[in-house]
Structures are given as structure tokens and as C-alpha cells.
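Here is the structure we will look at.
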Amino acid sequence: MAGQEYELNAPVLTDTKEETDKKCPCCGGIMDFDPATGKLHCPYCDHLEDILRENEEESSAEEQDFLNEELTGNCDWGVETKLVLCKACGGEMVYDALEISGECPYCGSNQVMEAKAEHTLAPGGVCVFKLDAKQAAEKFKSWLKKRWFCPKEAKNTAKPKDFKGIYLPYWTFDTDTSTTYSAEYGINRQKRNSKGETVTMTEWYSCCGTYREFIDDQAVCGTTRHEQSLLNGILPYNTADNKSYKPEYVAGFASERYSIGLKEAWEKAKSLISTRLRRNITRKIQTEHHADSVRALHIQTGYTNIKYKYLLVPVWMACFKYKAKIYRFMVNGQTGRVSGKIPISPWKVFLTVLGAIAVLGLMWYISNL
């Protein structure tokens, strides 16, 4: 990349890791991680090679103590770059400082960055790809066929362009929670009013108590670069199914380092946990008091024994074009769940609304016979 103004962004010189530039012992080609076998695969001669060394046991990411962690801040994409030197061909490339992996544009070598840079945490584990690009495409086609409001022409012509496999950063949190609560619960009673009509009246009672729950692997997305609605659509990930981080697991895929730091992620996690606790406490009150409804619920939660993991999770990203507009979507690389934007047929929406009105009209007619 001759002539690049590196000085503008004060790049950090980074060497690639030798093990990710793994040469095939049979033909010398660069090997990638293969989702089908969980091994390194040579795309030229189909040679497979184990990632774990002899007598090395497979392990998962270790949980870390949240309160003892010092590197809790956010990271900004696009602010700092790093100059990466390819050991395979000597080429030079500029990457965003938060990118973990990529591919050399000169020789195709897998350029997996150092796992940990200054002032950032290293990934503790990887939820590896279970689906390859072909399987992701099949999941997308099956998903698209079920979208009723999508025009038939779009379904027939949608051809995803260039599936890109990428590992995105996720945080998970474990914690013991102890919540004190107060609320009012309602019990419905059938009574007759002054006109002799039977009406439902709700009698309200006060209650309070303590609720304890262990939260396991509350997940929080660690990036702001991608459309959150699409990411939410491919959840959940089985974060318990992870492997201790090895750069070979991300070989051949792009990887992104977190931009949402540990501290902010924990605040997001607490909000999600609070929603879950409110739902479970509401159910507890309804069960204990045989209540029909709950209102005015107030909770105060304490968190202890907080642990976290920093994981990389797999996503297939692609898009298709319909009538000069681009529609993007994602496929969960672990489960195959699909999320995306689709074109909407106005005629199908009109027919659906018309059908709903007809059904409601028929129901009203029958009820008034």
C-alpha cells in the first residue's frame, strides 16, 4: 500500500501470529478454519489438520472477576490504526486498531492480529462457526420463502452477494442477585352492579418480599458498528458452547474487537437482568397469591460474585439487490437463525388487511344472528 499516510493515525506496528499463517504440509497453501470439521482445512488439496496439539485437551473460556478488572473502558473504531506486516510475503497493510483478523490482499495469508493490544482485553473464548457459507445461503433461502409480505419476484431473484464470515465481540456475565420488592396484586371478583349486570371488579392487596436468582451468561453485544435490530434477530447464541481462544479458530474470517467496554456492557447487562427479574418476580407474586394481575412493582437489586467472559461469536453477513435497493441480512453462524430486511409487497399487505376485515365482519354477523 505504497504512499499511505500512516503518520496521520500513529499506527501500531503489529506482527501476525505464525500459527495463523499455517501452510498446508501437502501443497503449501494457506489453511483456514473449517466449520464442518472444526479443523484447519486447505482449500486447494482438502488436507485437514487438528488445531489442538498432541495431548492438548479442549477447554472453554475462563470466567474472570469483574471487580478486579482494570481495563473497563470503551474503544473507538476508526480512531487508531495499526500497520500489519505479512510474514508470508512481506506486504504491508493498514487495519483498524480494533480489528483482530483479516486476510493479506497480496498473498491470501490469514493475518490474525495479536490477541491483546495495549489498553484492550483479549478474547477469552470463541463460539466457532458451525455453518459454512453454503449452509448459510440455504438457511437464508429457506427463511426468505416464509416471508409472506415479500414479493414473489424478489424471492425468485434474490441472490446473496459475497457471504462474509465475521466474528463479533460479546460479553457474558454471571452474578448472584438478591432483590427486595414491593407491589400490589389484584384478584378479580364477579359482582352485580346496580343495573343487575355481572361485572368484573379487581380487589387490590399490598405485598413485599425477597427474591434471589443466579444469572448465568447474560449476553451483551460488544459492538456498535452493526444494525442492532439485525443482531437481535439472530439471537440467542449458545455461549456455553465455546472454546478457549486460539487464533487458528478465527483463521480465514474477519474478527472485530469490542467497542463497548466492560463497564458499559455491565450497565447494559444490569438493565437486561432487571427486566428478567421483574418478569420472574411478577410470576412469583401471581403464583403465591393466586393473583390475576400485578401492578406498582418496585424492586431493588444487589449483585454479588460478578464474573465475565469476553467471547467472539460467528455471523455470516450478506445482502441482495431488488429494484435498485440493497437489503442486508445476517445468519447466526452457530445456530443458522436468520435476520434481515426484505422488500414489502403493497398488494400482499392490502389483501391481508382486506382478509382480516372480512373475517371480523363475518364474526360480528354471526354473533348478532
Side-chain angles (χ1 to χ4, degrees), residues 35-36 77-78 96 99 102-103 127-171 219-239 241 250 252-256 258-260 268 271-272 275-276 311-361:
W77 274 91
D96 189 290
E99 246 181 318
E103 183 178 279
C127 296
V128 300
F129 276 91
K130 299 294 181 68
L131 282 72
D132 59 25
K134 182 179 179 181
Q135 291 170 318
E138 291 172 351
K139 292 288 185 181
F140 165 73
K141 292 177 182 177
S142 176
W143 173 83
L144 190 62
K145 286 180 180 179
K146 298 176 183 177
R147 305 302 105 179
W148 162 248
F149 292 115
C150 184
K152 185 177 181 180
E153 182 184 355
K155 292 181 180 181
N156 294 334
T157 60
K159 295 180 180 179
K161 288 187 176 181
D162 301 327
F163 266 93
K164 180 182 180 182
I166 182 171
Y167 281 104
L168 297 183
Y170 263 75
W171 303 97
V220 175
C221 183
T223 178
T224 57
R225 295 190 77 199
H226 310 282
E227 193 169 348
Q228 199 61 46
S229 61
L230 294 185
L231 289 173
N232 290 339
I234 61 174
L235 296 177
Y237 281 92
N238 180 11
T239 52
D241 183 14
V250 300
F253 296 95
S255 300
E256 182 178 322
Y258 64 86
S259 54
I260 296 175
K268 291 179 179 289
S271 177
L272 294 170
T275 300
R276 171 176 170 172
L311 301 175
L312 299 177
V313 301
V315 181
W316 286 107
M317 297 183 181
C319 63
F320 68 93
K321 189 175 183 180
Y322 177 69
K323 290 187 176 180
K325 188 174 180 180
I326 301 298
Y327 296 89
R328 304 186 184 281
F329 64 93
M330 297 180 180
V331 180
N332 185 315
Q334 185 188 54
T335 67
R337 190 179 178 93
V338 182
S339 172
K341 300 292 182 66
I342 60 171
I344 301 297
S345 169
W347 281 107
K348 287 190 175 183
V349 174
F350 173 74
L351 290 174
T352 300
V353 172
L354 191 65
I357 293 174
V359 170
L360 291 173

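Values below: all heavy atoms of this structure, side chains included; hydrogens, waters and symmetry mates excluded. It should be emphasised that the depicted structure is a prediction, and the values quoted were computed from it without experimental measurement.
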### Query
Just checking, any donor-acceptor pair under 3.5 angstrom between side chains of Thr335 and Asn332?
yes
### Task
State which residues pass side-chain hydrogen bond (donor to acceptor under 3.5 Å, both in side chains) with Ser339; sequence neighbours excluded, sorted by chain then number.
none
### Query
What do you reckon, are the aromatic ring centroids of Tyr170 and Tyr258 less than 6.0 Å apart?
no
### Task
Classify the angle between the aromatic ring planes of Phe320 and Phe140 as parallel (below 30°), tilted (30 to 60°) or perpendicular (above 60°).
tilted
### Task
Go through the structure and list residues passing side-chain hydrogen bond (donor to acceptor under 3.5 Å, both in side chains) with Lys268, not counting sequence neighbours.
none
### Task
List in chain and number order the residues that pass side-chain hydrogen bond (donor to acceptor under 3.5 Å, both in side chains) with Asp132, two or more places apart in sequence or in another chain; answer none if no residue qualifies.
none
#### Entry: Side chains of Ile260 and Thr224 in contact at under 4.5 Å (non-hydrogen atoms)
yes
#### Entry: Under 3.5 Å donor-acceptor, Tyr167 side chain and Phe129 backbone
yes
### Task
Just jot down the side chain to side chain contact (heavy atoms under 4.5 Å, CB included) partners of Ile357, sequence neighbours excluded, or say none.
Val353
### Task
If a pair satisfies salt bridge (Lys or Arg N to Asp or Glu O under 4.0 Å) and one of its residues is in residues 315-332, list it, with sequence neighbours excluded.
none
### Task
Let me see the working for Met330 and Val338 under side-chain contact (heavy atoms from CB on, under 4.5 Å), right down to the final yes or no.
CA-CA 6 Å; Met330 297 180 180; Val338 182; over 6 Å; no
### Message
Please check this pair: side chain of Arg337 against backbone of Leu235, looking for a donor-acceptor N/O pair closer than 3.5 Å.
### Response
yes
### Message
Using only atom types and a distance under 3.5 Å, with no angle test, would you say the side chain of Gln334 pairs donor to acceptor with the backbone of Asn238?
### Response
yes
### Message
According to side-chain hydrogen bond (donor to acceptor under 3.5 Å, both in side chains), who are the partners of Lys341, at least two apart in sequence or on a separate chain?
### Response
Glu227
